[in-house]
Asker: 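Please read through the structure below; I'll follow up with questions.
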Number of protein chains: 2
Amino acid sequence: MKTHDHSKLLSDVSGQMPPDEVLAELSELFSVFGDSTRIKILWALFEREMCVCAIAELLKMTQSAISHQLKLLRHAKLVGSRREGKTIYYFLADDHVRSIIGQGMEHISE
Amino acid sequence: MKTHDHSKLLSDVSGQMPPDEVLAELSELFSVFGDSTRIKILWALFEREMCVCAIAELLKMTQSAISHQLKLLRHAKLVGSRREGKTIYYFLADDHVRSIIGQGMEHISE
DNA sequence: ATAACATATGATCAACTGTTCATATGATAA
DNA sequence: TTATCATATGAACAGTTGATCATATGTTAT
């Protein structure tokens, strides 16, 4: 399968590409946003911090399912948590979450 | 499993949540960004439009694999295409792609 | 110490995803 | 028309993912 020539294009473009490792990390970040349960959790936390069982009640899902997803969100540093007695409150880690989701909303609103 | 009371919180938060349908669409959009092959394709298109076989060469992947991924990107309206003879050129559909990926990059650079 | 509540975790399983392979479509040139 | 290049597509298969279930950990009150 001989194909037409791209040598100039390829050298130009590949010079601008970040290393594979960075692009992999980037796609992993977006895949965390790529699930409706996690998007719902993040959106809920836009309002205020919430404990696990409140999120579970809000989304009508089991505590276990929510806890598993919060673990992913924590590892991606999208949420933080603090303990108060038996309860653990989760909150948005920073404002990138808002701006990323905001841009996503803009895109689908067209 | 009786749990503590959240009635006030739940009514507050659920009033702010977009409908499930919208949140599902949003997560589907982000899942398109959630694959390193697709991220690489989008990043390549930051520079300029490219034909399928150039992208395949750049990423050292088969034409088929790239074509399948471009189909997804097209359906998500992240890229557009134009034909010129036998060749089909793909390009970024709009600037949301840049800003979404830009925000993602900011998040992981911390 | 025991009971009750809040959360976390490991195993399991069905559903989904991305690549490959083979093949089809579409366009151009001979 | 036939050959060739460029791209698209469908089936198949391995790898990944998200919910569930059972159970474990951690905290507080009695």
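Atoms considered below: every heavy atom in the structure, side chains included; atoms not considered: hydrogens, waters and symmetry mates.
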Asker: What nucleotide, of D:dT7, C:dA8, C:dG18, holds the atom closest to the side chain of B:Cys51?
Answerer: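 That would be D:dT7.
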Asker: Expressed in angstrom and rounded to an integer, what is the separation of B:Arg82 atom CZ from D:dA6 atom P?
Answerer: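 So the CZ-P distance, B:Arg82 to D:dA6, works out to 15 Å.
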Asker: Taking the side chain of A:Lys71 as its heavy atoms from C-beta onward, which of C:dG10, C:dA8, D:dA19 lies nearest to it?
Answerer: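 Nearest listed nucleotide: C:dG10.
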Asker: NA contact type, B:Thr62, heavy-atom cut-off 4.0 Å: base, sugar-phosphate, or nothing?
Answerer: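 Answer is sugar-phosphate: B:Thr62 comes under 4.0 Å of backbone atoms only.
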Asker: What nucleotide among C:dA8, D:dG18, C:dA6 has an atom nearest to a side-chain atom of A:Asp35?
Answerer: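 Nearest listed nucleotide: D:dG18.
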Asker: So, are A:Glu49 and A:Arg82 salt-bridged, with charged N and O less than 4.0 Å apart?
Answerer: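 Salt bridge present between A:Glu49 and A:Arg82.
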Asker: Grab the CG-P distance between B:Leu70 and D:dA6 for me, whole Å please.
Answerer: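 In whole Å, D:dA6 P and B:Leu70 CG are 16 Å from each other.
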Asker: Any donor-acceptor pair, under 3.5 Å, between the side chain of A:Gln63 and the base of C:dA6, if you only look at N and O atoms?
Answerer: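 Answer is no: no donor-acceptor pair is held.
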Asker: May I ask you to say what A:Tyr89 touches in the nucleic acid, namely base, sugar-phosphate or nothing, with a heavy-atom cut-off under 4.0 Å?
Answerer: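 No contact at all - A:Tyr89 keeps every heavy atom at 4.0 Å or more from the nucleic acid.
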Asker: From C-beta outward on B:Lys86, which listed nucleotide comes closest to its side chain: C:dA11, C:dG26, D:dT7?
Answerer: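 Looking only at side-chain atoms, B:Lys86 lies closest to C:dG26.
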Asker: If you check every side-chain atom of B:Ser67, which of D:dA8, C:dT7, D:dT28 has the closest atom?
Answerer: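 Closest nucleotide to the B:Ser67 side chain: D:dA8.
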Asker: Mind checking B:Thr37 for me? I need base, sugar-phosphate or nothing, with any heavy atom below 4.0 Å counting as a touch.
Answerer: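 Here B:Thr37 touches the backbone only, sparing every base.
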Asker: Check whether the side chain of B:Ser64 and the base of D:dT9 form a donor-acceptor pair under 3.5 Å.
Answerer: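 Side chain to base: pair found, below 3.5 Å.
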